[in-house]
Amino acid sequence: MTPAQARRAAVEASHALAAAGQGDMVWGHAAVRDPEGRGIWIKAPGWGLEEVRDDRLQLVSYDAEVLHGEGVPHKECHIHLEILRASPELNCTVHTHAVSAVAFAALDVPLMPLSHEGALFSGDDVPRFRDTGGLVSSSDLGKRLTTALGAAPAALMPKHGLVAAGRTAAAAVMHAVLLDRACAVQLRVQAAGPAVVRSDAWEARAKRAQCWPDSQLEAGYRYLVRQAAGSLADVGASPHTT
């Protein structure tokens, strides 16, 4: 990956999250590792996910300094910096305030494999970051969030949102989308009554391998990117150059 490709991935990931309904006005962000080791590419503060374009990106160093782009860095850039610093195999991280994830986390009950999306965690509960419900605005909190996430594809941040990570932008975005969808399914089930039918641990592991290989994460992501491009075209905007 070149820096130009990383920048494009940061724009696309932002648009895909917006197309999936994970926008929260100007809050939430996706970050892509700079391939030259300088830090992360992330949208500048003050823009919605659907508004991100190349000239609204920042290159933020691992010391949380803006090396390229305008303005100050996001207060929560430490989420992305610390996860990517700790895991060289990862290249993209996502933090959003996805509504179903926030609502489900407030119940403080295990996430069950009730659907394909719920099998993302192989029958295990989703990790939760409980150290604060406020902003992850320091490297120390970023490191603690990184520990809570561990090797999982995503984690809940009760009273706040979610975090997701992946080797590619497609994986990170889809991990965020699938977690929120799994939370939404369980919320609907629990509103009707106790969940009776669900995958056991063996089936959940098998379903994760079957339903969510890299090829399917990429396919879902490309769909969201196309949806975002169509929405931008409807209002006369290019997703990359305007």
Side-chain angles (χ1 to χ4, degrees), residues 1 4-25 27-33 41-43 47-54 56-57 80 90-102 104 111 113-122 126 152-155 161-188 204 206-242:
M1 179 181 288
Q5 290 171 325
R7 292 167 67 110
R8 182 181 179 90
V11 173
E12 280 193 344
S14 300
H15 293 172
L17 288 165
Q22 295 213 11
D24 179 19
M25 292 190 280
W27 301 289
H29 18 79
V32 175
R33 183 191 298 276
W41 290 99
I42 185 172
K43 74 178 180 69
W47 299 105
L49 291 168
E50 73 282 2
E51 297 179 303
V52 178
R53 61 192 196 191
D54 188 76
R56 292 173 179 166
L57 293 177
H80 310 281
L90 299 176
N91 285 295
C92 183
T93 45
V94 166
H95 169 56
T96 69
H97 304 152
V99 174
S100 293
V102 174
F104 176 78
L111 183 67
L114 305 180
S115 62
H116 290 342
E117 295 93 341
L120 178 66
F121 298 92
S122 302
V126 59
L162 64 78
V163 64
R167 294 175 183 272
T168 63
V173 167
M174 288 300 294
H175 290 161
V177 171
L178 294 171
L179 172 56
D180 190 53
R181 288 167 62 99
C183 290
V185 168
Q186 190 161 332
L187 284 170
R188 294 183 69 172
K207 285 183 69 174
R208 177 178 179 178
Q210 184 180 49
C211 297
W212 307 124
D214 290 345
S215 61
Q216 290 302 297
L217 296 176
E218 182 71 26
Y221 177 70
R222 285 296 147 201
Y223 168 80
L224 292 173
V225 171
R226 291 194 301 273
Q227 291 296 107
S231 297
L232 289 166
D234 288 343
V235 296
S238 163
H240 302 299
T241 61
T242 63

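The model shown is predicted, which means the values in this text are computed figures rather than measured ones.
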Inset, instruction - Please lay out, stage by stage, how Val32 and Met1 fare under the test side chain to side chain contact (heavy atoms under 4.5 Å, CB included). - result: CA-CA 11 Å; Val32 175; Met1 179 181 288; 4.2 Å; yes

Inset, instruction - Grab the two heavy atoms, one from Ala101 and one from Cys183, that are nearest each other, plus how far apart they are. - result: CA-SG, 3.9 Å

Inset, instruction - Compare every heavy atom of Ala165 with every heavy atom of Leu90, then report the nearest pair and how far apart it is. - result: CD1-CB, 3.8 Å

Legend entry - Value rounded to 0.5 Å, distance of CD in Glu117 from CE in Met174: 8.5 Å

Legend entry - Exam field: side chain Arg208 to backbone Phe121, donor-acceptor pair closer than 3.5 Å: no

Inset, instruction - Would you please name every residue forming a salt bridge (Lys or Arg N to Asp or Glu O under 4.0 Å) with Arg7, sequence neighbours left out? - result: Asp54

Inset, instruction - Output yes when a side-chain donor or acceptor of His29 lies under 3.5 Å from a complementary backbone atom of Val94, and no otherwise. - result: no

Legend entry - Separation between OG of Ser100 and CZ of Arg188, rounded to the nearest 0.5 Å: 9.5 Å

Inset, instruction - State, to 0.1 Å, how close Ala154 and Leu179 come at their nearest heavy-atom pair, and which atoms those are. - result: CB-CD2, 3.8 Å

Legend entry - Heavy-atom donor-acceptor pair, Asn91 side chain to Arg33 backbone, under 3.5 Å: no

Legend entry - Nearest heavy-atom neighbours spanning Tyr221 and Ala13: OH-N, 3.2 Å

Inset, instruction - Quick one: list whatever passes side chain to side chain contact (heavy atoms under 4.5 Å, CB included) with Ala19, sequence neighbours left out. - result: Leu224, Gln227, Ala228

Inset, instruction - Nearest 0.5 Å please: distance from the NZ atom of Lys43 over to the CG atom of Leu57. - result: 10.5 Å

Inset, instruction - Measure the shortest side-chain to side-chain distance between Thr168 and Cys92 over non-hydrogen atoms and say whether it is less than 4.5 angstrom. - result: no

Legend entry - Inter-residue atom distance Trp27.CH2 - His97.NE2, 0.5 Å rounding: 9.0 Å

Legend entry - Gln22 vs Asp180 side-chain heavy atoms within contact, under 4.5 Å: yes

Inset, instruction - Report yes if the side chains of Thr96 and Asp24 come closer than 4.5 Å at any heavy-atom pair, otherwise no. - result: no

Inset, instruction - Heavy atoms only: give me the nearest Ala98-Leu162 pair and the separation to one decimal. - result: CB-CD2, 3.7 Å

Let me have the donor-acceptor pairs involving side chains of residues 211-218, under 3.5 Å, with sequence neighbours excluded, atom names and distances please.
| residue | atom | partner | partner atom | Å |
| --- | --- | --- | --- | --- |
| Trp212 | NE1 | His116 | O | 2.8 |
| Glu218 | OE2 | Arg222 | NE | 3.0 |

Legend entry - From Lys207 atom NZ to Ser122 atom OG, the distance as rounded to the nearest 0.5 Å: 11.5 Å

Legend entry - Interatomic spacing from NE2 in His15 to CD in Glu51 - rounded to 0.5 Å: 9.0 Å

Inset, instruction - Begin with the C-alpha distance, continue with both residues' side-chain angles, and end with the deciding distance and a verdict on side chain to side chain donor-acceptor pair (under 3.5 Å) for His80 and His95. - result: CA-CA 8 Å; His80 310 281; His95 169 56; over 6 Å; no

Legend entry - Minimal non-hydrogen separation, Gly23 against Leu49, with atom names: CA-CD1, 3.8 Å

